[in-house]
Amino acid sequence: MSQLNQLRQQINQLGQDAQRQAQGLAGFKPKFSAAVGQVGAVIGGSAQQVDRNMIATLQQAEKEVDAAIRALHAAASAASRYAASL
């Protein structure tokens, strides 16, 4: 197999792996969001700084999960386009 074909296969595999990971995170996201909401509802009325920090940290993590999903989809798409161009 030529090096070009090997590269194409590796890039295609990378894109497929990125797509699978994005799908896995997308499946995790609703559960995580629900848990964040529940934690927020339970400790949200607290005046303690540590509670507010916990909620803020969870909300930031939720945003980062969304960002990771978008990034993985973009990587999968870019890998597919690049492999097709080889």
### Beyond-backbone contact of Lys29 with Asp66, side-chain heavy atoms, under 4.5 angstrom
yes
### Query
Would you find more than 12 non-hydrogen atoms of other residues, nucleotides or ligands less than 6.0 Å from Gln21 atom CD?
no
## Note on the structure
Closest heavy-atom pair, Ile55 versus Gly40, reported as atoms and distance to 0.1 Å, is CD1-CA, 4.0 Å
### Summary
To the nearest 0.5 Å, atom CZ of Arg8 lies from atom OG of Ser2 at 7.0 Å
### Closest approach of Asn12 to Ala83 (non-hydrogen atoms, all atoms of both residues)
OD1-CB, 3.3 Å
### Message
How long is the straight-line distance from CG of Leu72 back to CZ of Arg20, given to the nearest 0.5 Å?
### Response
12.0 Å
### Message
What I want to check is whether the side chains of Glu64 and Gln60 have a donor and an acceptor closer together than 3.5 Å.
### Response
yes
### Task
For the pair Asn5 and Leu86, evaluate side chain to side chain contact (heavy atoms under 4.5 Å, CB included) and give the outcome as yes or no after the intermediate values.
CA-CA 8 Å; Asn5 284 337; Leu86 294 178; over 6 Å; no
### Query
Do Arg81 and Ser77 get their side chains close enough for a donor-acceptor pair, meaning under 3.5 Å?
yes
### Task
Identify, with sequence neighbours excluded, every residue that meets side chain to side chain donor-acceptor pair (under 3.5 Å) alongside Gln13.
Asp17
#### Entry: Separation of Gln19 CD from Gln16 CD (nearest 0.5 Å)
9.5 Å
### Task
Would you mind reporting whether Ile69 and His73 have side-chain heavy atoms less than 4.5 Å apart?
yes
### Query
Looking only at heavy atoms, which two atoms of Ala75 and Ala18 are closest? And how far apart?
CB-CB, 4.5 Å
### Query
If Ile, Leu, Val, Met, Phe, Trp and Tyr residues are connected whenever their side-chain heavy atoms lie under 4.5 Å apart, and connections chain through other members, are Val65 and Leu58 in the same group?
yes
### Query
With distance as the sole criterion, is a donor-acceptor pair present between the side chains of Gln49 and Arg52 under 3.5 Å?
yes
### Query
In chain order, what residues pass the side-chain contact (heavy atoms from CB on, under 4.5 Å) check against Val42, with sequence neighbours excluded?
none
### Message
Hydrophobic cluster membership, with links at side-chain heavy-atom distances under 4.5 Å among I/L/V/M/F/W/Y: are Leu4 and Ile11 in one?
### Response
yes
### Message
Checking the side chain of Ser85 only, and the main-chain atoms of Tyr82 only, is there a donor and an acceptor separated by less than 3.5 Å?
### Response
yes
